[in-house]
Amino acid sequence: MENSESNNAPLDFIRAEITEDIKNNINDGRVHTRFPPEPNGRLHIGHAKAFCLNFSIAEEFGGKCNLRFDDTNPVKEEQEHVDAIMEDIKWVGWDWEDRLYFASDYFQQMYDWAVQLIKDGKAYVCDLTAEETREYRGTLTKPGKLSPYHNRSVEENLDLFERMKSGEFPDGARCLKAKIDMASPNINMRDPVMYRILHASHHRSGDKWCLYPMYDWAHGLEDSIEGITHSLCSLEFENHRPLYDWFLDQLDVHHPKQREFARLNLTYTVMSKRKLLKLVDGGFVSGWDDPRMPTISGLRRRGYSPASIRNFVKKIGIAKTDSLIDLALLEHCLRDDLNETSPRVMAVINPLKVIIDNYPDGQVEELDAINNPQDPDAGTRKVPFTKELYIEQDDFMEDAPKKFFRLSVGREVRLRYAYFVTCTGIVKDANGRITEIHCTYDPATKGGDAPDGRKVKGTLHWVSAAESLKAQVRLYENLFTNETPENTENDQDFTANINPDSLKISENCFVEKSLADTKPGDRYQFERLGYFCTDPDSSKDKLVFNRTVGLRDTWVKMQKQE
RNA sequence: UGGGGUAUAGUGUAACGGCAGCACGACAGACUCUGAAUCUGUUUGUCUAGGUUCGAAUCCUAGUACCCCAGCCA
């Protein structure tokens with residue numbers, strides 16, 4: 001980073017160390033990171049923290065960041081996830097250029113290095129079953145004991161390992177272990193498994209291998225091969241760092257630094273692969289891209305912008321403390337960006353018919369409306385005004401308190417960009433429900449300003465009854481009712497905390513005509529309601545919008561206080 | 001109860017022996033053709049107990065709490 005602004009900005013502990021490394025000319029001052037997802041699920045906002053960290057560090061320090069799929073377990077991984085993951089990272093705004101790598105491409109090199117360790121007497125083939133291995137490993141407080149196969153000759157190990165590779169043995173019959181220390185207080189160092197036999201077809205290497213490397217053995221090698229300088233991962237791998245270092249030291253190859261940071265936790269959200277999968281498979285949501293999911297594809301469909309996600313990640317910082325970030329911060333970043341970038345439009349979700357009694361029948365006036373007050377370059381558009389309109393049901397109250405700035409019989413309000421109107425009466429059906437309200441308008445207030453300078457307290461959004469489009473609007477709330485969904489009563493599953501009202505569909509909505517050609521993914525602010533985006537289910541015949549997030553609403557807050 | 005890690009406002013995150021700051025939230029007000037945005041102000045914090053020091057969030061000692069590790073998962 002060369003600008004002075006960033007010199008003043010406090011650095012997180014990782015950037016501070018990298019700055020120091022550059023100063024000390026470690027790796028010739030080179031910075032090279034990587035994001036290594038396993039293609040066994042979709043990326044979520046927690047992964048965004050990790051990949052934004054890796055890509056932005058590379059960018060800031062003039063280095064590079066690789067995308068590498070850590071595909072060492074063929075039984076859990078799929079090409080479909082590989083494609084989705086690449087799409088997600090690109091969408092958030094990062095580019096790995098020509099540096100797309102797969103751990104599976106390094107299998108031969110890893111195998112050769114394993115042979116080298118065997119020759120050096122640092123690895124052996126073990127015939128213990130998985131269960132026996134567990135017994136030999138000992139416990140947290142008791143040391144393990146040496147495998148009976150620990151002292152096999154190099155020749156025998158070489159022969160057996162070769163035959164493991166050639167497919168002679170069934171799954172689980174033998175494995176290759178590193179010879180380290182069965183008494184180590186760090187359980188990861190008690191002769192960890194390097195290879196297991198898996199007669200499974202790999203999504204990239206097919207049936208070439210029936211021997212697959214374990215994470216601890218593979219990961220450092222992958223980093224080393226790619227010339228990574230800083231291998232950033234989450235906290236639970238801190239216990240594995242001695243092993244990461246041990247393998248690279250034994251091989252005497254390029255040795256990146258592994259550094260660990262706390263993963264993201266968000267209130268009202270689950271982040272584990274297992275739980276996300278359960279939501280999808282259990283039919284609790286419509287899929288990985290359900291707008292209530294914290295997946296990148298879910299956020300995208302919900303209407304989040306890439307900038308809002310990047311900014312959020314920047315704001316939460318990087319540290320080693322376990323933390324739980326308030327969803328409100330994510331939503332703040334969302335609104336912050338959408339406020340600047342979203343065109344305004346008028347839409348009515350719960351329509352209430354308004355008849356302007358003194359407005360000419362059949363007349364249509366095209367009024368000027370500002371597209372984005374935050375952005376003068378966004379220009380203006382025309383909205384049609386007619387005798388019959390819709391306003392929001394919440395914007396009318398029969399017995400209105402003084403603090404209610406909206407419409408009530410005898411009160412005057414402004415219809416945005418249109419006229420001042422005064423309510424003269426209401427019509428109810430047999431059940432006492434208000435079916436329509438009657439108003440008069442003041443022709444002198446056209447455009448929304450009164451020439452006599454009189455003020456109104458309230459401005460309402462509206463839509464012409466005849467000159468508008470019908471739409472479906474999907475209103476989302478938190479998927480969970482509990483800040484920490486895994487906290488349940490009576491040992492229930494986290495799904496017990498699912499919010500039954502997380503999705504409400506409003507079929508009878510009306511939007512401005514200017515939305516006729518909207519495309520999936522288009523984002524808008526529906527004035528006074530919130531930010532919305534067009535869903536992929538939307539078509540010219542049936543418009544469908546998702547509520548991304550509501551506007552801050554001090555009126556409902558005031559009501560809740562009472 | 002072995003080992004590894006972490007403790008700063010409600011939530012995050014700075015301060016690297018020298019005035020505990022910033023963001024989000026909450027609260028109050030100003031402004032407003034969005035009860036939005038914007039602006040202003042207020043509130044709340046160094047895990048505990050000792051020690052070193054002119055001076056400690058920071059160094060030392062002893063505690064406490066929480067997280068991670070006993071997959072042939074990553």
Side-chain angles (χ1 to χ4, degrees), chain A residues 9-12 16 36-38 40 70 72-73 75-77 126 128-131 133-135 137-144 171-177 183-190 192-198 212 214-216 218-219 233-242 260 262 267 273 315-333 335-336 339-340 344 346 369-370 373-374 403-406 413-418 420 445 447-449 455-461 483 525-530 550-558:
Chain A
L11 297 177
D12 57 71
E38 184 191 11
N40 70 343
D70 203 5
T72 58
N73 187 347
V75 303
K76 297 166 71 176
E77 297 157 4
C126 183
L128 254 26
T129 64
E131 192 172 333
T133 292
R134 195 182 321 130
E135 285 160 15
R137 189 157 31 224
T139 69
L140 294 178
T141 50
K142 270 182 291 196
D171 289 2
R174 295 177 217 267
C175 62
L176 186 74
K177 289 177 178 173
S184 172
N186 182 342
I187 288 185
N188 297 313
M189 301 297 273
R190 320 239 263 228
V193 175
M194 295 166 64
Y195 279 97
R196 75 284 213 186
I197 300 172
L198 243 34
Y212 289 92
M214 298 289 290
Y215 170 89
D216 284 311
H219 203 86
C233 59
S234 45
L235 243 34
E236 67 268 28
F237 291 104
E238 206 156 18
N239 293 327
H240 296 247
R241 189 153 101 200
E260 311 82 12
T267 55
K273 270 178 192 166
K315 278 200 147 99
I316 57 178
I318 298 292
K320 298 189 71 161
T321 318
D322 286 309
S323 62
L324 178 63
I325 308 279
D326 197 332
L327 222 209
L329 180 58
L330 213 211
E331 294 186 337
H332 163 79
C333 294
R335 292 189 183 104
D336 197 40
N339 179 45
E340 299 296 325
R344 315 286 127 126
M346 290 196 283
I370 294 167
Q374 307 294 320
K403 287 282 188 65
F404 185 79
F405 300 150
R406 283 109 99 144
V413 298
R414 171 169 39 231
L415 295 179
R416 181 144 228 222
Y417 302 126
F420 284 15
T445 58
D449 286 303
K455 301 279 183 206
V456 286
K457 210 45 182 150
T459 299
L460 310 187
H461 63 278
E483 268 200 353
Q525 185 196 96
F526 288 0
E527 293 219 32
R528 301 209 308 135
L529 294 176
L551 256 21
R552 290 188 66 211
D553 192 336
T554 51
W555 171 241
V556 301
K557 206 178 276 182
M558 283 164 64

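Small disclaimer: the values here were computed from a predicted structure and weren't measured. Residue numbering restarts at 1 for every chain, and letters A, B, ... go by the order of the sequence lines.
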What protein N or O atoms touch nucleotides 21-23 of chain B N or O atoms at under 3.5 angstrom, if any, and at what distances?
none

| request: Using atom NZ of A:Lys142 as one end and atom P of B:G3 as the other, report the distance to the nearest whole Å. | output: 16 Å
| said: Going by side-chain contact (heavy atoms from CB on, under 4.5 Å), name the residues that satisfy it together with A:Pro185, two or more places apart in sequence or in a different chain. | reply: none
| request: Determine the interatomic distance between C1' on B:G41 and the same-named atom on B:C31; round to the nearest Å. | output: 15 Å
| request: Taking only the side-chain heavy atoms of A:Pro10 (C-beta and beyond), determine which of B:G35, B:A14, B:C72 contains the nearest atom. | output: B:A14
| message | OP1 or OP2 of B:G35 versus the side-chain N and O atoms of A:Thr459: is any pair under 4.0 Å? | response | no
| Looking only at side-chain N and O atoms, does A:Arg344 come under 4.0 Å of OP1 or OP2 in B:A36? | no
| message | So A:Leu128, base contact, sugar-phosphate only, or nothing? Heavy-atom distance under 4.0 Å. | response | base
| Of A:Gly317 and A:Glu131, whose closest RNA chain B nucleotide lies nearer the 5' terminus? | A:Gly317
| query | Looking at A:Lys557, does any N or O in its side chain come under 4.0 Å of the phosphate oxygens OP1/OP2 on B:A26? | reply | yes
| message | Starting the side chain at C-beta, find the nucleotide from B:A74, B:C27, B:C24 nearest to A:Asn73. | response | B:A74
| Residue-phosphate contact under 4.0 Å: A:Arg528 side-chain N/O, B:A37 OP1/OP2 | no
| said: Using the side-chain heavy atoms of A:Gln374, tell me which of these nucleotides is nearest: B:C72, B:G25, B:A36. | reply: B:A36
| A:Pro242 near the nucleic acid: base, sugar-phosphate alone, or nothing, with a heavy-atom cut-off under 4.0 Å? | nothing
| In whole angstrom, what separates A:Tyr195's OH from B:C73's P? | 14 Å
| field | Interatomic distance where CE belongs to A:Met189 and C1' belongs to B:A70 [whole Å] | value | 16 Å
| Counting side-chain heavy atoms from C-beta on, which of B:U6, B:C72, B:A36 comes nearest to A:Val193? | B:C72
| request: Ignoring backbone atoms, establish whether A:Arg335 has a side-chain N or O less than 4.0 Å from OP1 or OP2 of B:A37. | output: no
| task | Would you kindly give the OH-to-C1' distance between A:Tyr212 and B:C72, to the nearest whole Å? | result | 14 Å
| note | Atom CG of A:Leu198 and atom P of B:C73 are separated, to the nearest Å, by 7 Å
| task | Please answer whether the main-chain N or O of A:Leu327 pairs with a side-chain N or O of A:Thr267 as donor and acceptor at a distance below 3.5 Å. | result | yes
| query | Does OP1 or OP2 of B:C73 have a side-chain N or O of A:Arg196 closer than 4.0 Å? | reply | yes
| Between B:C73 atom P and A:Asp171 atom CG, what is the distance in whole Å? | 10 Å
| query | Toward the 5' end of RNA chain B, which comes first, A:Ala262 or A:Ala130, by nearest nucleotide? | reply | A:Ala262
| request: Check every atom of B:A14, B:G12, B:U13 against the side chain of A:Ile325 and return the nucleotide holding the closest atom. | output: B:G12
| OP1, OP2 of B:G3 versus side-chain N and O of A:Arg190: anything below 4.0 Å? | no
| Minimum-distance nucleotide (side-chain atoms of A:Ser323 versus B:C73, B:U34, B:U13) | B:U13
| query | How long is the line joining CG of A:Leu140 and P of B:G2, in whole Å? | reply | 10 Å
| field | Whole-Å C1' distance, B:U42 and B:G10 | value | 16 Å
| Base, sugar-phosphate alone, or nothing: which one does A:Asp449 contact when heavy atoms must sit under 4.0 Å apart? | base
| Reckon A:Thr321 has a side-chain N or O less than 4.0 Å from the OP1 or OP2 of B:C67? | no
| request: Both distances under 3.5 Å, Watson-Crick or G-U wobble: report the partner of B:C22, or none. | output: B:G12
| field | Per A:Asn339 side chain, nearest of listed nucleotides B:C73, B:U13, B:A37 | value | B:A37
| message | Checking contacts here: which listed nucleotide (B:A74, B:G2, B:G35) is nearest the side-chain heavy atoms of A:Glu236? | response | B:A74
| query | Which nucleotide sits closest to the side chain of A:Met214: B:A70, B:U32, B:A74? | reply | B:A74
| query | B:A28 pairs with which nucleotide, Watson-Crick or G-U wobble, both distances below 3.5 Å? | reply | B:U40
| remark: If pairing means Watson-Crick or G-U wobble with both distances under 3.5 Å, then the partner of B:C66 is B:G5
| query | Roughly how many Å is it from CD in A:Glu38 to C1' in B:G71, rounded to a whole number? | reply | 13 Å
| If you check the A:Arg552 side chain, which of B:A74, B:A37, B:G35 turns out closest? | B:A37
